[in-house]
Structures are given as structure tokens and as C-alpha cells.
Protein chains: 2
Amino acid sequence: MPQKQGKTTRTDSIVFRLTQDIVSKRIAPGTPLDETRLGQQFGASRTPIREALRQLAASGLIELRPHRSPLVAAADIVRLREMFDVMAELEALCAQRCCTDMSAAQRHALEAHHRDMATSVREGNVADYRQGNMAFHALIYDGTNNAYLKQLALMTRERLAPHRGVQLEAPARLARSYAEHEEIVTAILRGDQTGAASAMRQHLAITQETLEQIAAQR
Amino acid sequence: MPQKQGKTTRTDSIVFRLTQDIVSKRIAPGTPLDETRLGQQFGASRTPIREALRQLAASGLIELRPHRSPLVAAADIVRLREMFDVMAELEALCAQRCCTDMSAAQRHALEAHHRDMATSVREGNVADYRQGNMAFHALIYDGTNNAYLKQLALMTRERLAPHRGVQLEAPARLARSYAEHEEIVTAILRGDQTGAASAMRQHLAITQETLEQIAAQR
DNA sequence: GCGGCAAAAATTGTATGCAGTTCGAAAAAT
DNA sequence: ATTTTTCGAACTGCATACAATTTTTGCCGC
């Protein structure tokens, strides 16, 4: 489960760096991770290394067996596809629940946020849009008023985030993404459960296509 | 996240005991967990305690913020209801996916297992049925051929298991549960996606009713 | 008496040392 | 030459000691 990193503790720093190294394939899958070696590599003691490795294991990035060196998990394309698939279903469920379980304030917040994102699209500000997009989906998670569902969806999205790399960089994609958001929002406001769910599914299917391209180009 | 407990390492032992203490309410929600105190309470050093706490945090049983004592997460009725809700949806999704993604061998295994469970029902053997029920649902998780979906469903079920207490003890419940299983199996074998999903949802709604009774009697 | 500040106490984060287990290599037997 | 056994090295699991940070407590000023 991802932690905040407000006051970067050493463990969190190591988690971050190791995560990047793994998802960027700088460390090949199947590689055994030696605690002492990592320790002197990162200039830290074994203790924070161990904590970091536990967190990575919880994230599914590595596998650890008792008394044995942790192995970098095979983040194969198959597994990523599966996760994307489940994420789409989770978010579709969130959108569906939003139709019935959202408070008026939450509905207004979602609508307002979506309108605000229009400026990022017009300016072609990719960084802003990226951030706004995350907030958009977070608002939908919140709208379910189901903490566990929110937690699962967030966890899945965050775990997938590092693998998405440099996608939706093209301004054209921004406009399309925004249009899809529009569909989702209107469906939710209309209370159209199946419409909201399918709109969300389709929205995420686009993202998944990008993954397939990345997979193909290897 | 599956954890073996073959060669009980001290950390795993502590994880197990703490988990039981938390879900059985022996430790009240909101209680701060002091590492040193736990250490001398369990007769262990702080190191394995820390590792155990990380795992519990990953399981969502406790919450930890940097430089602050971990707090036992509130497992209130509201949260439990939410988790049951999500579990129903996850399993409904599993059943739906089984209709399309199951192999022939998996279909046969599910059918055979279901038939075998009839004897437990006839004999009124609650313990056997309980075990068979778990296996039944596990077979459906497997049938999705989606490791991540399986992981989420299993995790949710396991986390909920301790709270289900002494339900479905009455032999009458066994027969009813079995009939519901029957519906699910036939829907899956027929390839009826929506039928399988709704049958599963209804099957779990029964379970949830029991929870409500437990909640009410407190 | 009340609010802010500072120092002390308590608790988490980190480092290091030791013991137990696993894995590999060398040696012995077939 | 191949297989088995044994021994050693390396690494993980655990314990303890130290550093950093937070919280509490006591004091001073208002």
C-alpha cells in the first residue's frame, strides 16, 4: 500500500528509487536483491532496506520467501493486462455507484473540477491535465462513499501508474480524454448507471491500448 | 497477499497473533500500538515487531504515519458492510468472467466439486461444508484466469472471514447455500454472464444478512 | 489563570553485531 | 565421469544500541 512521502524518511526514498529501477527494467525480473549489496549501493543500513523490500513485496513488485533472497517479480505483459482489466472494472463500478450514492456536494465538486480541466486542455498543458486527471478519478472514487472500494481502486491505479510511462503526451489525446470525461460526468449526473459504467470502461480501454503498443515495441 | 506459514518465522507468528487480537476486538480500534510495549509483550525484539506492523498496514488492519504510533484501523460495522458489498461485486465479476474465460478442465473441476459437496449437505457436516465452500469460491476465482482479480477476491474474503463468526451453522442453511451454488454453476456452464453474476450477488447477500444480525445484536 | 516556549521524556527511524539457515563448491564414493 | 556428501561462505532473521523526531511537561511571561 502506497505511503505518502511528505517528510521523506529514508525507507520511503529507497522504495521510490527501487520502484523506478524495477519498472524501468534497469533491474531485470528474476534478479535476486541482496540486502547488504543494496545497502552499500544506496548508502544506507540494512534496516531501511528491509522495510523497503517489505513494502515492495506488498506492492507485488518483488517476491520474498523466508531465508531466501527476494526476487524481482516478473512484471510480464500478461499480468499488467490483467491489472488493467480489473482496474477498468473497479472504476466502472465506482462510476456506477456514483450515480446512486453521491452527495449533492460531491456531484457539484465533480462537475466543477471537470469544467476547470477545460483550461488545461485549451492550453495543452499536459502536466496540469495529468494531475487533474488523477484528481478526477479520485473524486469518482470518493463519490462511491465506500472506503474499501476507494482503497482498492486507488491501490490498483497507483500500482499501475509507473508502467504507464510517457503516454497521453500528445495534446490531441487530451481533447479526446476530456470528451470521455464529459460523457462520464453527464451519465453520472443523469443517474444513468449502466451508461456511466460503460463510459468509464471505454475511457480506460483507450489507456490500455497504449499499454499494448508499449508491449509491442519491445 | 498470500503468506505461507510453513516454517513459522517470528515475524509471521506475531502477524498472526496481532491479526487475531485485532479482528477479535481484544485490541480496540484506535488503540496506538507501541513497538517496545508489544516487544516485551510478545517476548521479541522490536525488529520483528516492526516487520509485522508493516505487513498489518499492508493488509489494512492498522494505519501508520511516519514518526507516529500505528493506530488500529476502525473495523466498524460501516466498514465491514462496505467490504461485504465490494466482495459481492468482486465475486460477481469472477462468476461473470468464468462464463467466458474458463477452460474445459476448470469447468469440469467446478462441476465435480459442487457435486461432491452434496454429501456434506446430506450428512449435515458443517465443518466439511465450510471447507468445501471456500474451495468452491476459490475454484471460481481460478476460473477467471486473472491472477490479480483472484488475488483481490481472495484477500477480501480472507480479511472478512474472521468477522463471519459462527454463521451458516444450521443444516437448513447448508441446503439453501447449496441450492444457490447450484444456480451459479449452471449459469456458468450455460455461459449466462448476467445470470452468473446476479446469482453470485444474491448468494452473498444472504451472508451479508447474517452480518447485519450480528451488528444488531450488539 | 491562560497561552506560548523550551527542555526533557518517550517513541519511531536507523545502524550494527550476532545467530541460524540456505546455497554452492569442493571432496569423496560409486 | 557422475552422483552424493560435507563443509564453508554468504545471506537472511533477530537483537541491541544510537540518532532523530515527536509529544509531553514544566516554566515563564502576560
Side-chain angles (χ1 to χ4, degrees), chain A residues 1-22 27-74, chain B residues 1-22 27-74:
Chain A
M1 194 130 356
Q3 318 267 41
K4 305 270 172 182
Q5 53 170 3
K7 269 301 174 203
T8 266
T9 172
R10 197 154 310 194
T11 300
D12 292 334
S13 159
I14 295 172
V15 168
F16 182 72
R17 292 219 271 165
L18 268 183
T19 301
Q20 282 204 331
D21 283 353
I22 291 178
I27 305 180
T31 306
L33 294 177
D34 188 329
E35 290 179 2
T36 44
R37 218 168 300 267
L38 288 176
Q40 55 196 41
Q41 177 179 341
F42 282 110
S45 164
R46 274 183 53 214
T47 311
I49 300 285
R50 282 178 70 82
E51 312 246 340
L53 289 178
R54 303 302 155 142
Q55 280 189 243
L56 291 184
S59 299
L61 281 175
I62 67 177
E63 297 177 12
L64 38 82
R65 295 110 70 202
H67 291 286
R68 227 161 268 169
S69 285
L71 297 181
V72 176
Chain B
M1 177 186 358
Q3 47 222 13
K4 312 260 174 180
Q5 55 171 1
K7 266 300 174 206
T8 260
T9 172
R10 196 157 304 201
T11 298
D12 292 334
S13 160
I14 295 173
V15 167
F16 183 72
R17 292 219 271 164
L18 268 182
T19 301
Q20 282 203 331
D21 284 353
I22 290 179
I27 304 179
T31 307
L33 293 177
D34 188 328
E35 290 179 2
T36 40
R37 222 167 297 267
L38 288 177
Q40 55 197 43
Q41 176 179 340
F42 282 109
S45 165
R46 274 183 54 214
T47 312
I49 300 285
R50 283 179 68 83
E51 312 245 339
L53 289 178
R54 303 303 154 137
Q55 279 188 242
L56 291 183
S59 298
L61 282 175
I62 66 176
E63 296 176 13
L64 38 79
R65 294 109 72 199
H67 290 284
R68 227 157 266 168
S69 285
L71 298 181
V72 176

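A, B, ... follow the sequence lines: proteins, then strands. Residue 1 opens every chain.
- Here the CD1 atom belonging to B/Ile27 is positioned 10.0 Å from the CD1 atom belonging to B/Ile62, to the nearest 0.5 angstrom.
- Judged by closest nucleotide on DNA chain D, B/Glu51 is the one of B/Glu51 and B/Arg46 placed further toward the 5' end.
- Regarding A/Asp12, its CG atom lies at a distance of 18 Å from the P atom of D/dA20, rounded to whole Å.
- For the OP1/OP2 pair of C/dT12 and a distance below 4.0 Å, the side-chain nitrogens and oxygens of A/Thr9 include no atom meeting the criterion.
- Close to D/dA15, at under 4.0 Å from its OP1 or OP2, lies a side-chain N or O of B/Arg10.
- To the nearest 0.5 angstrom, A/Asp21 atom CG is 10.0 Å from A/Leu33 atom CG.
- Atom CG of B/Leu71 is separated from atom P of C/dT12 by 11 Å (rounded to the nearest Å).
- Residues of residues 33-44 of chain A that place a heavy atom closer than 4.0 Å to DNA chain C, in numerical order, are A/Ala44.
- For D/dG13, its base never sits under 3.5 Å from the side chain of A/Arg68 at any donor and acceptor pair.
- A search for salt bridge (Lys or Arg N to Asp or Glu O under 4.0 Å) contacts involving A/Arg54 returns B/Glu51, not counting sequence neighbours.
- In this structure, CG of A/Leu64 is placed 17 Å from P of D/dC11, rounded to the nearest angstrom.
- Annotation: the span from A/Leu61 atom CG to A/Leu18 atom CG amounts to 9.5 Å, rounded to 0.5 Å.
- Rounded to whole angstrom, the span from the CD1 atom of B/Ile49 across to the C1' atom of C/dT11 amounts to 14 Å.
- The local environment of CD in A/Gln41 is crowded, with over 12 non-hydrogen atoms from other residues, nucleotides or ligands closer than 6.0 Å.
- A sub-4.0 Å separation between OP1 or OP2 of D/dG13 and a side-chain N or O of B/Thr11 is absent.
- The CD1-C1' distance, from A/Ile14 to C/dA15, rounds to 12 Å in whole Å.
- Residue B/His67 has its side chain nearest to D/dT21 when only D/dG13, C/dT14, D/dT21 are considered.
- The CG atom of A/Leu38 sits 10.5 Å away from atom CZ of A/Arg17, with the distance rounded to the nearest 0.5 Å.
- In this structure, A/Arg50 does not reach the D/dC11 phosphate: none of its side-chain N or O atoms is under 4.0 Å from OP1 or OP2.
- Every pair passing salt bridge (charged side-chain N to carboxylate O under 4.0 Å, His left out) that includes a residue from residues 34-46 of chain B is listed here, sequence neighbours excluded: B/Asp34-B/Arg37, B/Glu35-B/Arg46, B/Glu35-B/Arg50.
- Residue B/Thr47 is classed as a base contact, given a heavy-atom separation below 4.0 Å to a base.
- As a whole-Å value, the separation of B/Leu53 CG from C/dT11 P is 14 Å.
- Nearest nucleotide to the B/Pro48 side chain, out of D/dA15, C/dT11, C/dG13: D/dA15.
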